[in-house]
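Whatever order the structure lists ligands and atoms in, that order sets their numbers, starting from 1. By convention here, the first residue in the shown sequence is residue 1.
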Amino acid sequence: MIKILLVHGPNLGLLGKRETNIYGNETQEDLLQRVKRECPTAKYEVELVQSNHEGNVLDVLNQIVRDHYAGNTPVGGILINPGAWTHTSVALRDALAMVRDTGIPVIEIHLSNTAAREDFRHASMVAPVVTGGVVGLGAAGYTAAARALVELIQRNSKPRN
Ligand code: DQA
């Protein structure tokens, strides 16, 4: 089984109730189901990690890196909406840079179009160290990101010659 992690940063546990004019009506569970729909159950297991505590997310990412170097890579890819940490966290960026070096694909997702919002949301600390991003497509962005991630994982696992 290949594990796919959906990582949600602060305040995303309240999606569906939180500023629905910006973030829409779908709950975190709805978004998880969208991801699961794109990941064939015979091959993939999708796990949601949501935390309001940055250290918890760093611990999860550190463990993925540790497992990788121990020759054990259960996680094939990561979808991450880091919420406000996107704009603030050097620590998250550094953790994701380590994940990048393992070759595990990481897709950054934002429900809202951060480029069209307040200036402080324009910069992403993590964008330079992830594989790519889906921004501003609302819940549909989760479907698109999951589909892309499965393709990236399949490409990674194809033998090269
Ligand atoms: C967000 C955008 C961030 O600026 C904000 O802090 C969030 C949600 C989005 O999905 O649009 O918490 O990541």
Enumerate, one pair per line, all nitrogen or oxygen atoms of ligand 1 lying under 3.5 Å from a protein nitrogen or oxygen, stating the separation to 0.1 Å; write 'none' if no such pair exists.
residue, atom, partner, partner atom, Å
ligand 1, 4 (O), H87, NE2, 2.7
ligand 1, 4 (O), R121, NH1, 2.9
ligand 1, 6 (O), A84, N, 3.2
ligand 1, 6 (O), R121, NH1, 3.1
ligand 1, 10 (O), N81, ND2, 2.8
ligand 1, 10 (O), L111, N, 2.8
ligand 1, 11 (O), L111, N, 3.3
ligand 1, 11 (O), S112, N, 2.8
ligand 1, 11 (O), S112, OG, 2.6
ligand 1, 12 (O), R18, NH1, 3.0
ligand 1, 12 (O), R18, NH2, 3.0
ligand 1, 13 (O), N81, OD1, 2.8
ligand 1, 13 (O), H110, ND1, 2.8

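Linking ILVMFWY residues whenever their side-chain heavy atoms come closer than 4.5 Å, directly or via other members, places L61 and V49 in the same cluster.
Remark: the E54 side chain and the N52 side chain contain no N/O donor-acceptor pair separated by less than 3.5 Å.
Under the rule for a side-chain hydrogen bond (donor to acceptor under 3.5 Å, both in side chains), the partners of T143 that lie at least two apart in sequence or sit in another chain are R34.
No donor-acceptor pair closer than 3.5 Å links the side chain of D67 to the backbone N or O of P74.
For the side chain to side chain contact (heavy atoms under 4.5 Å, CB included) with V99, the lone residue among I104, V129, N62, T131 that qualifies is I104.
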Practice prompt. May I have the step-by-step check of side-chain hydrogen bond (donor to acceptor under 3.5 Å, both in side chains) for E108 and S124, ending in yes or no?
Written response: CA-CA 10 Å; E108 176 184 359; S124 168; 2.9 Å; yes
